[in-house]
Amino acid sequence: MKQALSAALAARGYDTLTPVQQAVTAPELEGRDLLVSAQTGSGKTLGFGLAIAPRLFGDDEKFGRADAPMALVIAPTRELAIQVKNELTWLYAEAGAVIASTVGGMDMRDEKRALARGAHVVVATPGRLRDHIMRNSIDLSQLRAVVLDEADEMLDLGFRDDLEFILDEAPEDRQTLLFSATVPASIGKLAQRYQKNAERVETVSGEKQHSDIEYMAYRVSPRDVENAIINVLRYYEAPNAIIFCNTRATVNRMTTRLSNRGFSVVALSGELTQSERTNALQAMRDGRARVCVATDVAARGIDLPNLNLVVHAELPSNQDTLLHRSGRTGRAGRKGVSALIVPPSVHKKANRLLGWAKLTAEWAEAPSAEAVIARDEERMLTETDWSPEVDGSSQATVGELTKQFTSEQLAAAYLRLWREKHTAPEDLSNVHEAPKQREAFGPSVWFSLPGGYDAGAEPRRLLPMICKMGNLDRNDIGAIRVKDTESYIEIREASVPTLVDALDADMTLENGAPLTKMDKAPSLDRGPRPPRKDGKPPFKGKGDKPAYKGKDDRPPYKGKDKPPHRGKSDSAPIDWNDDPAPRHKKPKSDKSGGGKKYEKSDGKPYAKKGGKPKGKPQASDDTIEAYKPRKSFGEKPAYKGKGDKPTYKGKGDKPAYKGGEGGKPHRKGNSDPSKRATPPKGGKGSPPPKGKPSSKKNRARAEGGKPGGMAPPRKPRS
């Protein structure tokens with residue numbers, strides 16, 4: 001190992017390397033392509049930083065001038081890329097390396113200037129790096145090593161095309177390292193295509209879970225999910241905790257709830273800008289925030305130094321996501337807890353996820369308020385505040401306090417201040433307890449209040465007003481009924497004296513509204529509906545239709561030529577053999593072809609062919625008249641229509657054409673054949689086609705022949 005790297009590790013306190021770091025830095029693997037799978041949080045970033053060092057340094061002890069990049073590290077998310085850049089910066093600091101980053105969400109102009117100044121190592125996300133390659137703002141000709149960090153996650157996010165484009169642009173004699181927590185078939189295909197004789201390095205144990213992470217599965221009732229999360233945060237009191245949700249809406253709701261309960265919380269989701277996400281993580285590292293509510297976008301590669309607790313507010317969709325979420329804690333030898341919040345509806349899903357991930361979790365009920373308070377007392381007694389030494393500046397104040405107050409008073413004051421600094425825990429219901437049935441309200445007294453819907457009265461407004469002004473609990477109030485002009489409130493009989501004592505002698509509420517005791521319960525029937533605005537009687541049903549009470553009460557159908565409804569009715573049973581036959585019963589056609597004859601209202605029969613009546617009447621023999629001979633064209637009066645054309649009344653009224661050769665009518669168009677075509681200059685007939693004939697038809701027409709049996713061009717009349 002180079003002296004600069006050894007000095008950097010010693011400065012950070014690295015006495016021994018992790019198993020994955022020892023495996024990738026083995027002498028026999030120096031310079032070779034590697035396919036590495038290791039548990040999350042096992043030090044993979046430092047591992048590939050050490051693995052590519054021999055290829056970058058060569059025989060030198062330090063880096064020379066930074067011209068084109070020598071190494072390329074690709075990460076799936078912006079947070080992970082920035083984190084990798086920070087790790088490689090201190091690792092290569094003694095060697096004089098320049099580290100640059102190109103990630104989405106940052107100003108591309110600043111990245112171009114940084115690349116133009118030169119960098120030895122570039123850490124990038126796939127999409128932004130491809131943009132720089134296509135814009136020719138980065139030179140990959142001098143690359144010696146390429147690292148794909150969290151390669152499986154990049155493929156899951158749809159970066160396959162970008163990765164293949166980048167690897168195709170890189171030199172073929174490079175060293176390629178693929179690091180991934182899992183190695184699915186897609187990773188194997190990618191390694192087979194872009195790696196040469198890759199060495200498989202596996203430090204993930206399929207039979208043993210991460211020993212530094214304690215898995216807890218907490219059973220909670222459906223209505224206590226958020227309360228259980230609050231108690232879990234209070235029970236462990238981790239310096240940093242992260243809560244994972246599946247949607248942005250859940251992140252926003254959980255962030256608001258925790259902020260209202262006094263937690264210093266930040267949110268981390270895809271809808272935030274890069275600067276907002278960076279500030280949120282920095283607040284966690286600085287201690288300004290202790291809780292981070294995030295979606296799975298933060299499940300990969302985020303490394304917070306004091307993250308000791310991971311809470312799964314919603315279960316992930318697969319076991320890989322569960323492992324990556326939990327891997328945010330228990331990193332680099334630190335201990336951590338991964339807590340699953342499991343309501344009854346997802347109990348089976350939790351068991352399946354744990355089984356698929358080969359994890360063993362301890363099942364228990366969520367910490368109760370009593371358990372949280374007991375844990376607080378244990379932490380309070382071990383605080384450094386109980387140091388026996390008192391500095392000189394505080395000696396006089398301590399003596400004055402001990403003179404004026406007893407030890408019990410001082411202890412009570414300290415305990416009160418201690419509890420004020422911490423959020424109060426929530427009361428949780430018993431998850432095994434069946435839901436309680438609402439008890440009978442018992443004897444009650446009704447009160448009336450003027451003002452109903454017309455005055456804007458609503459039960460949700462009346463209930464808190466009665467409870468506040470009458471010094472009652474919501475369980476003391478029964479039904480609340482609001483009418484148009486008056487409201488009625490039911491009060492438990494045993495609570496009436498409390499209500500009377502709390503109100504004034506005149507029994508008035510807000511704005512002087514009097515509350516009047518009633519002798520008996522009011523009539524809660526809706527009563528008749530108000531008259532319609534159009535003067536018609538009130539509706540009795542939808543569209544003024546009678547409200548049917550059942551099939552037996554349906555009236556017989558009185559439609560035209562149709563039988564009554566099927567089913568039971570007061571009408572006589574239907575005899576389907578009665579004459580005439582029902583309309584829906586198809587009559588049989590006779591074999592003569594004429595079929596059954598139907599008559600119109602005027603008595604004229606219809607001809608029916610194939611059992612279907614035709615649209616036109618069939619004239620009988622006695623109604624057929626001899627056609628009269630058509631009048632000659634010359635007997636017609638002078639035309640008065642447009643262009644002296646007659647107005648035809650039908651096809652039968654068209655006159656016989658007498659003009660033209662052979663008595664044949666002209667083609668459709670202008671009545672004057674001489675106006676149908678304009679003869680060319682210097683000749684008669686139709687003009688020849690311009691240009692080269694495109695077919696036999698055009699060539700024949702140009703030569704004056706008869707193409708395809710067509711008539712020659714018609715000569716204009718003289």
Side-chain angles (χ1 to χ4, degrees), residues 220-231 249-250 252-263 265 368-369 416 419-420 423-430 433-531 538:
V220 299
S221 62
R223 62 178 179 272
D224 285 337
V225 171
E226 295 183 359
N227 293 337
I229 294 174
I230 292 175
N231 284 8
T250 308
N252 295 335
R253 187 181 69 252
M254 184 64 63
T255 303
T256 303
R257 176 72 189 279
L258 295 178
S259 179
N260 293 337
R261 296 293 283 107
F263 290 92
V265 58
S368 61
R416 183 172 60 256
R419 290 180 177 176
E420 287 178 356
T423 303
E426 297 284 350
D427 290 329
L428 304 180
S429 58
N430 187 0
E433 183 180 359
K436 296 181 180 180
Q437 296 183 355
R438 187 171 182 178
E439 299 179 356
F441 193 65
S444 61
V445 178
W446 283 87
F447 290 82
S448 65
L449 186 67
Y453 285 119
D454 296 342
E458 292 179 329
R460 62 175 182 174
R461 300 180 184 274
L462 295 177
L463 178 61
M465 181 178 64
I466 296 296
C467 291
K468 180 180 180 181
M469 302 191 67
N471 196 18
L472 299 179
D473 186 74
R474 62 181 304 169
N475 296 325
D476 297 330
I477 301 176
I480 298 178
R481 297 292 182 263
V482 181
K483 296 287 187 152
D484 292 336
T485 59
E486 198 168 11
S487 302
Y488 303 103
I489 304 168
E490 184 183 15
I491 307 295
R492 194 188 302 273
E493 186 177 7
S495 303
V496 172
T498 305
L499 175 65
V500 174
D501 295 341
L503 297 178
D504 297 336
D506 53 356
M507 295 287 289
T508 57
L509 297 176
E510 292 181 357
N511 299 327
L515 191 65
T516 306
K517 182 179 179 181
M518 303 180 64
D519 297 334
K520 60 179 181 178
S523 177
L524 302 179
D525 295 337
R526 297 185 60 180
R529 296 196 177 194

If we ignore hydrogens and angles and just use 3.5 Å, is the side chain of N231 paired with the main-chain N or O of A228 as donor and acceptor?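 No; zero donor-acceptor contacts below 3.5 Å.
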Main-chain N/O of F441 paired with R492 side-chain donor or acceptor, under 3.5 Å: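 Yes; judged by distance alone, with no hydrogens or angles, the pair exists.
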Any salt bridge linking E486 with K483? Criterion: basic side-chain nitrogen under 4.0 Å from a carboxylate oxygen. no
In plain terms, say whether E490 and R481 are close enough for a salt bridge, that is, a side-chain N and a carboxylate O under 4.0 Å apart.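 Looking at R481 together with E490, the answer is no, because their closest N to O distance does not fall below 4.0 Å.
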Which of these passes side-chain hydrogen bond (donor to acceptor under 3.5 Å, both in side chains) with S495: D473, D476, N475, N471?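 With S495 as partner, D473, D476, N475, N471 yield a single side-chain hydrogen bond (donor to acceptor under 3.5 Å, both in side chains), made by D476.
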List the atom of [X], the atom of [Y], and the distance in Å for their closest heavy-atom pair.
X	Y	value
A457	S487	CB-OG, 3.9 Å
M518	Y488	SD-CD2, 3.6 Å
M465	L509	CE-CD1, 3.9 Å
R461	G456	CD-O, 4.0 Å
P464	P459	CD-O, 4.5 Å
P514	P450	O-CD, 3.2 Å

Between atom [atom1] of [X] and atom [atom2] of [Y], what is the distance when rounded to the nearest 0.5 Å?
X	Y	atom1	atom2	result
R261	E426	CZ	CD	4.0 Å
E458	L463	CD	CG	12.5 Å
I466	I480	CD1	CD1	7.5 Å
F263	I229	CZ	CD1	10.5 Å
L499	L515	CG	CG	6.0 Å
I491	S444	CD1	OG	9.0 Å

Stepwise side chain to side chain contact (heavy atoms under 4.5 Å, CB included) test for T485 and Y453: CA-CA 7 Å; T485 59; Y453 285 119; over 6 Å; no
Within 6.0 angstrom of D427 CG, more than 12 heavy atoms from elsewhere: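 No - once you tally the heavy atoms of other residues, nucleotides and ligands closer than 6.0 Å, there are 12 at most.
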Measure the shortest side-chain to side-chain distance between L428 and S368 over non-hydrogen atoms and say whether it is less than 4.5 angstrom. no
Can [X] and [Y] be counted as having a side-chain donor-acceptor contact under 3.5 angstrom?
X	Y	answer
S429	D224	yes
T498	D501	no
N252	R257	no

Starting from the C-alpha separation in whole Å, work towards a yes-or-no answer on side chain to side chain contact (heavy atoms under 4.5 Å, CB included) for F447 and M507. CA-CA 11 Å; F447 290 82; M507 295 287 289; 4.1 Å; yes
In sequence, state the C-alpha distance, the side-chain angles, and the governing distance for L503 and T508, and then conclude on side chain to side chain contact (heavy atoms under 4.5 Å, CB included). CA-CA 7 Å; L503 297 178; T508 57; over 6 Å; no
